[in-house]
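Below is one structure; the comments refer to it alone.
These values consider heavy atoms only, across backbone and side chains, with no hydrogens, waters or symmetry-generated copies. In what follows, residues are counted from 1 in the order of the sequence shown.
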Amino acid sequence: MSENSSGNNGHLTNNNQNINIGPINNRVDVNDHADYYDVVIRVGESPDVKKFQANSRMLSSRCSYFRTALSSSWARKENDVYIIEKPNISPKVFEIVLGYISNATVNWKMLEGADFLGIWLAAEEFMLDDLGRQVRDLFEKKSERLRPNFIQIFKLVYQNETLERFRTHCVDIINTTTWLQDASMLESLDESIFYSLFNDEDHFVHDGIIWNILIQWACAQTPKLDALRPDKWSETDFETLKSRIGHFIPSIRFSLISRNDFYDNVLPYKSILPIDTTSNTALAFYSYLLDENGNPRSNEFKPASTLEDSKVVNHTHIAMIARWIDAGREGNFSSSTADSIRSFDAASNYTLEETSSTEEQESSPVDSKNTKSDEKGNKIWKIRRILSFRKGKRSPNNDLRKNNNNKQNTSSDKNTPNKENNIHGTSIATSSPILGPSTSSTYRFKLIYRGSRDGFDVSSYNSKCKGKGPTVVVASLSHHRLIVGGYYPVSPVDDYPYSVFMGAVDSFIFSFGEGDNMEEESTISRVLKEHAHEAICRTVYGPGFGESDLIIKIGPNNGKNGVCKQKFYERKIIDVTDFTFDECEVFQVIKEEFKKNV
């Protein structure tokens with residue numbers, strides 16, 4: 001039974017911070033005998049304070065906290081009635097907790113967003129471990145009960161320091177569901193929340209998701225902006241969008257935005273992106289080298305590798321992987337290969353030629369007479385500077401390869417002027433890992449497995465991937481701005497009930513970081529020669545490399561966990577040993593001969 005001293009609205013209070021949570025609409029009997037009580041518990045703060053009357057015998061027998069609180073050394077009495085003060089707990093939450101103590105049940109349907117956090121905190125304070133575990137399971141299992149009011153939970157967690165420890169659970173939900181992106185009342189989010197998302201070094205929301213939330217948030221604040229139809233926007237509309245979110249753009253790590261997010265959520269708004277000033281490889285590729293439909297601009301460049309679907313990686317990642325596959329264990333980027341260019345004439349034919357020296361490449365390629373009229377050439381030259389492997393520059397795994405400079409093919413005449421390798425009079429080195437390939441082959445990365453689509457279980461993985469030939473597996477890490485993965489040069493023909501090692505001399509594992517320069521932010525580790533026969537470990541958990549050099553566990557009983565050590569491969573690819581991931585994808589690697597366009 002309870003006495004309502006004032007108000008009908010409950011609130012969650014922590015360190016003198018009040019959080020409104022809505023009306024109380026339920027009452028429970030917390031006494032064994034309704035006509036007898038010897039405990040009064042005052043909860044809440046003015047103007048919402050309530051008194052709860054209870055039986056000390058019932059409380060002590062069912063809750064260890066009250067057993068101690070009602071002891072002679074702790075309790076305060078007034079007229080033989082124990083008095084307990086709990087100003088830091090809302091009346092609504094406390095009523096639910098007392099109901100749980102009385103009959104061990106909770107009416108979850110009556111709870112609103114903040115109530116879940118309040119009960120979790122109260123369960124910890126009153127040492128009700130099972131109740132706390134039930135609430136935690138709702139977050140970890142992403143119960144639909146949380147979805148209607150998730151934006152309220154998100155706002156509370158990011159606007160109250162006392163709730164900071166719940167950010168891990170909120171970020172996990174944001175990264176693996178669309179609850180926040182689809183939420184109504186996004187316009188109610190304070191701008192400071194986005195600064196918290198960008199600056200929080202312990203809880204990472206994927207940058208593609210932050211970008212999409214920013215777009216939705218800005219459009220919700222400006223009703224005339226329809227986020228679903230940017231193709232109908234005017235220049236003024238894009239300027240309005242830029243005025244609202246432009247100051248956040250430098251904080252976006254575009255390198256880790258996936259191919260699908262670029263196509264779906266970034267390219268439609270590319271007019272607000274600072275392509276002329278950025279040095280970000282992925283942003284430059286998607287923003288300038290593709291047309292408004294997301295296709296490569298005709299008669300200019302052909303991507304070195306094709307990627308038609310991915311929620312984890314983008315073209316810059318798979319282009320680096322293709323280079324590593326091409327190089328092989330003993331490969332080198334020779335000057336005649338690494339600095340060769342693919343140029344296109346008016347008929348879209350191609351030629352392979354060698355660029356000039358590093359110093360010549362660094363100098364401006366535009367003649368002073370044509371400077372004003374060759375703005376497009378300047379833009380392309382800037383992108384070439386970003387994307388190209390230039391002579392004398394270390395490749396990402398230079399120290400892993402033998403120096404074979406004396407055997408380089410130098411048959412090309414460096415003094416012969418390149419007449420076809422230019423666009424608008426500008427020399428373009430397209431031998432980058434992203435643009436024209438250095439050989440006559442290209443790679444198609446065909447998605448054959450995605451955990452969120454096909455199921456995070458080994459049977460689904462096996463059925464989708466076995467017998468597919470060479471494959472690449474990638475995973476986006478939770479709470480880290482990192483992507484990890486590995487290359488299977490061989491094709492296991494069946495699944496196994498136990499771990500099986502297989503040989504693959506060209507196998508490697510890798511990681512990608514968040515920086516602008518893909519070369520500097522990538523790490524590759526090839527299998528050691530003496531362990532080449534143990535390069536691939538087909539585990540009962542999912543894809544594996546070496547002896548736990550990299551294991552991606554996708555079994556339902558393993559969560560989405562992974563292990564990264566250094567045993568049979570050259571180096572560790574990430575600093576942590578144990579990790580969790582949000583998404584996992586596997587691509588079939590299909591080598592295709594590059595053909596002239598007719």
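Distance alone, capped at 3.5 Å, places no donor-acceptor pair between the D309 side chain and the L447 backbone. Looking at T177, its side chain never comes within 3.5 Å of a backbone N or O of I174 through a donor-acceptor pair. In this structure a side-chain-to-backbone donor-acceptor pair under 3.5 Å is present from K572 to C564. Of the possible donor and acceptor atoms, none in the side chain of D200 sits under 3.5 Å from a partner among the backbone N and O of S196.
Every residue two or more places apart in sequence or in another chain that forms a ring-ring contact (aromatic ring centres under 6.0 Å, His included) with W233 is listed here: F238, Y269. Residues passing the side chain to side chain contact (heavy atoms under 4.5 Å, CB included) test with T471 are I448, K468, Y488, V586, sequence neighbours excluded. Residues meeting the salt bridge (Lys or Arg N to Asp or Glu O under 4.0 Å) test with D264, sequence neighbours left out: none. The side chain to side chain contact (heavy atoms under 4.5 Å, CB included) search around E530 returns L528, not counting sequence neighbours. For H169, the ring-ring contact (aromatic ring centres under 6.0 Å, His included) partners at least two apart in sequence or on another chain are W120. Looking at residues two or more places apart in sequence or on another chain, you find a salt bridge (Lys or Arg N to Asp or Glu O under 4.0 Å) between D207 and R481. In this view, R244 satisfies the salt bridge (Lys or Arg N to Asp or Glu O under 4.0 Å) rule with no residue, not counting sequence neighbours. Every residue two or more places apart in sequence or in another chain was checked for a salt bridge (Lys or Arg N to Asp or Glu O under 4.0 Å) with D582, and none qualifies. With sequence neighbours excluded, the residues forming a side chain to side chain contact (heavy atoms under 4.5 Å, CB included) with S251 are F198, listed by chain and number. Under the side chain to side chain contact (heavy atoms under 4.5 Å, CB included) criterion, K464 pairs with Y449, D454, not counting sequence neighbours. For the ring-ring contact (aromatic ring centres under 6.0 Å, His included) test, residues two or more places apart in sequence or in another chain that qualify with F510 are W324, F512.
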Exercise for review: Decide side-chain hydrogen bond (donor to acceptor under 3.5 Å, both in side chains) for S459 and N462; before the verdict, give the C-alpha distance in whole Å, the side-chain angles of both, and the deciding distance to 0.1 Å.
Suggested key: CA-CA 5 Å; S459 60; N462 284 332; over 6 Å; no
Exercise for review: Could you go through the side chain to side chain contact (heavy atoms under 4.5 Å, CB included) check for F248 and I210 one step at a time?
Suggested key: CA-CA 10 Å; F248 288 118; I210 295 181; over 6 Å; no
Review point. What do the steps show when you test H206 against S476 for side chain to side chain contact (heavy atoms under 4.5 Å, CB included), and what is the final call?
Key: CA-CA 9 Å; H206 295 310; S476 56; 4.2 Å; yes
Review point. Can you list the steps and then say if D172 with K142 is a salt bridge (charged side-chain N to carboxylate O under 4.0 Å, His left out)?
Key: CA-CA 9 Å; D172 183 49; K142 304 175 182 63; 3.0 Å; yes
Point to revise | Audit row: L477, I483, side chain to side chain contact (heavy atoms under 4.5 Å, CB included) steps and yes/no | key: CA-CA 6 Å; L477 269 60; I483 296 170; over 6 Å; no
Exercise for review: Could you give me the CA-CA distance, side-chain angles and deciding distance for Y541 and N561, then say whether side-chain hydrogen bond (donor to acceptor under 3.5 Å, both in side chains) is met?
Suggested key: CA-CA 10 Å; Y541 309 111; N561 302 306; over 6 Å; no
**Study point:** Residues I536, S507; criterion side chain to side chain contact (heavy atoms under 4.5 Å, CB included); working and verdict
**Key:** CA-CA 8 Å; I536 303 299; S507 177; 3.5 Å; yes
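Considering all non-hydrogen atoms of both residues, E570 and S525 come closest at N-OG, 3.1 Å. Closest approach of A327 and R526 over heavy atoms only: CB-NH2, 4.1 Å. Residues R259 and L307 share a closest heavy-atom pair of NE-O, 3.3 Å. The two residues T523 and R571 make their nearest non-hydrogen contact at CG2-CD, 3.8 Å. Shown here for G513 and L482, the closest heavy-atom pair between the two residues is CA-CD2, 4.0 Å. Among all heavy-atom pairs drawn from L146 and L138, the shortest one is CD1-O, 3.4 Å.
If you run side chain to side chain donor-acceptor pair (under 3.5 Å) between E583 and each of S478, S452, S310, only S452 comes through.
Taking CG of D578 as the reference point, atom NZ of K553 lies at 7.5 Å (rounded to 0.5 Å). Atom-to-atom distance recorded for I213:CD1 and I245:CD1 is 12.0 Å, nearest 0.5 angstrom. Here the straight-line distance linking atom OG1 of T306 with atom CD of E308 works out to 6.0 Å at 0.5 Å rounding. Distance CD1/I524 to CZ/F508: 5.0 Å, rounded to 0.5 Å. To the nearest 0.5 Å, the span separating SG on C584 from CD1 on I554 amounts to 5.5 Å. Atom-to-atom distance recorded for R136:CZ and K141:NZ is 11.0 Å, nearest 0.5 angstrom.
Residues F194 and W217 place their aromatic rings such that the two centres sit under 6.0 Å apart.
Using a 3.5 Å distance cut-off with no hydrogens or angles, the side chains of N260 and S258 do not pair a donor with an acceptor. Under the 3.5 Å distance criterion, with hydrogens and angles disregarded, a donor-acceptor pair is assigned to the side chains of D182 and T178. For the 3.5 Å distance criterion, the side chains of N212 and D261 fail to qualify, holding no donor opposite an acceptor.
Between L241 and T222, the closest side-chain pair of non-hydrogen atoms is not below 4.5 Å. V472 places a side-chain heavy atom less than 4.5 Å from the side chain of F445. The shortest distance between side-chain heavy atoms of K565 and E547 does not fall below 4.5 Å. Side-chain contact check for N175 versus V171: some heavy-atom pair is nearer than 4.5 Å. The shortest side-chain heavy-atom distance between D457 and S460 falls under the 4.5 Å cut-off. Side-chain atoms of F254 and F262, non-hydrogen and from C-beta on, do get closer than 4.5 Å to each other. A heavy-atom distance below 4.5 Å is found between the side chains of I151 and L186. For the pair V458 and V540, the minimum side-chain heavy-atom distance is 4.5 Å or more.
Ring geometry, H203 versus H479: the interplanar angle exceeds 60°, so the pair is classed perpendicular (tilted spans 30 to 60°).
Heavy-atom contacts from other residues, nucleotides or ligands closer than 6.0 Å to CG of D231 number more than 12.
The ring pair (Phe, Tyr, Trp, His ring centres under 6.0 Å) analysis of residues 565-589, with sequence neighbours excluded, yields the pairs H531-F568.
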